[in-house]
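In what follows, a structure is listed as structure tokens, so that the remarks can point back to it.
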Amino acid sequence: MRIAVVGCGAMGSVYAGRLASAGHDVLVVDRWAEHMAAIAEHGLLVSGPDRETRVPVRAHTTPPRQPVDLVVLAVKAADVETAALQARPLLAPETVVLTIQNGFGSADVVAAHLGGDRLAVGVASGFGASVKRPGEVHHNAMRALRFGGHGDLDHAEIERVAAAWRQAGFDARAVTDIAAMQWEKLICNVAYSAPCALTGLTVGEVMDHEHIGPVSRAAATEAWDVARARGVAVSVTDPVALVRDFGAQMPAAKPSALLDHEARRVSEIMFINGAVPREAAKIGREAPVNATLTALVRERETTWSET
Ligand SMILES: NC(=O)C1=CN([C@@H]2O[C@H](COP(=O)(O)OP(=O)(O)OC[C@H]3O[C@@H](n4cnc5c(N)ncnc54)[C@H](OP(=O)(O)O)[C@@H]3O)[C@@H](O)[C@H]2O)C=CC1
Ligand SMILES: CC(C)(CO)C(=O)C(=O)O
């Protein structure tokens, strides 16, 4: 399969490295010129719990005019709109666009610009990935990828994409209820994103922390309540057990919100903890735990943008 990964940061690099190692024809696009130059010169180095690979991939700072079978948008949520607009040279009528972000809202943004009929949504769970230095990425775990259609995309097409990823060693599956998967991932993310960003604790340190543990568990439970109240078919019966198990798989990982704060960058908090009060409001409810966590994170981020 001809695949372009737009946004070759922590996750985009893991996707690109493994897909290229499995023999797919992969090109990557990222605006970080030093990272692209390192990949062009030495290949992309991906280290994980099971193996380390260095693989040659074509690296670009802007998308080449070169239509592919699959475009993977692996940027952060706030960058999805620009990335979707810039991805146009990679598109042919039959190209599938797969957008993979934590939190809610990205697929609607992509659909508004590129249309919904060739659009798939991905949920990536349990990777704990970060860029170590230009050209080198590490991930702490590698649990699951779930893909679903956003609009009218035929399920067989999504299955074809999932099969290509399975061939690259991912636990990837095409599902019919991607919203339930998104909520289950959101429950995990809200437990860690704001609590870790605010305290500097890792995923493994939060859950049983004397002061932050109860806050993290309350954030997850609140998101679970909202999902069920909205009628989403989440399969989870114990949200605390879910997030505890999620964290136990990669105790040393730092959520990307914490990595963003360490770099004094605005995080995706509005799409993650901030999504819970927004979704709750749609059914006339409130989500005070996640609203408060979001406000605290936002306040810190405002301070940086003012300096
Ligand atoms: N890291 C993880 O373990 C996991 C992350 N996720 C989710 O995956 C998504 C991606 O996260 P992650 O990989 O950590 O993010 P990163 O910031 O590591 O990677 C995104 C990359 O895309 C680049 N970029 C942004 N806009 C463009 C553009 N228009 N064109 C080209 N490149 C662009 C960024 O550059 P710049 O730095 O200049 O902005 C950055 O290098 C997020 O939604 C995250 O929540 C999901 C599961 C696990
Ligand atoms: C690391 C974390 C918790 C946040 O970026 C994540 O979403 C994942 O690995 O699935």
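Note that this is a predicted model, so its numbers are computed, not measured. Both ligands and their constituent atoms are indexed starting at 1 by order of listing.
Judged by the shortest distance from any of its heavy atoms, A124 lies inside the 4.0 Å radius around the atoms of ligand 2. Using a 4.0 Å heavy-atom cutoff, R143 is absent from the residues neighbouring ligand 2.
Nearest protein heavy-atom contact of atom 15 (O) of ligand 1 is K76 CE, 3.4 Å. Looking at atom 40 (C) of ligand 1, its nearest protein heavy atom turns out to be D30 OD2, 3.5 Å. When hydrogens are left out, the protein atom nearest atom 24 (N) of ligand 1 is V75 CG1, 3.6 Å; that is the closest non-hydrogen contact.
Open room surrounds CD on E41; 12 or fewer heavy atoms of other groups in view lie less than 6.0 Å from it.
Considering both main-chain and side-chain atoms, F127 comes within under 3.5 Å of ligand 2 through a nitrogen or oxygen pair. At under 3.5 Å, not a single nitrogen or oxygen of K254, backbone or side chain, sits near a nitrogen or oxygen of ligand 2. Between G126 and ligand 2, at least one pair of N/O atoms sits closer than 3.5 Å.
Across the listed options T82, V131, N102, N102 owns the non-hydrogen atom lying nearest to atom 46 (C) of ligand 1. Scanning A33, A74, C8, A10 for the heavy atom closest to atom 16 (P) of ligand 1 points to A10. Of the candidates H60, Q86, M250, Q86 brings a heavy atom nearest to atom 30 (N) of ligand 1. Of the listed residues (M11, R31, E268), the one carrying the non-hydrogen atom nearest atom 39 (O) of ligand 1 is R31.
Side-chain contact annotation: S267 with E301, donor-acceptor N/O pair under 3.5 Å present.
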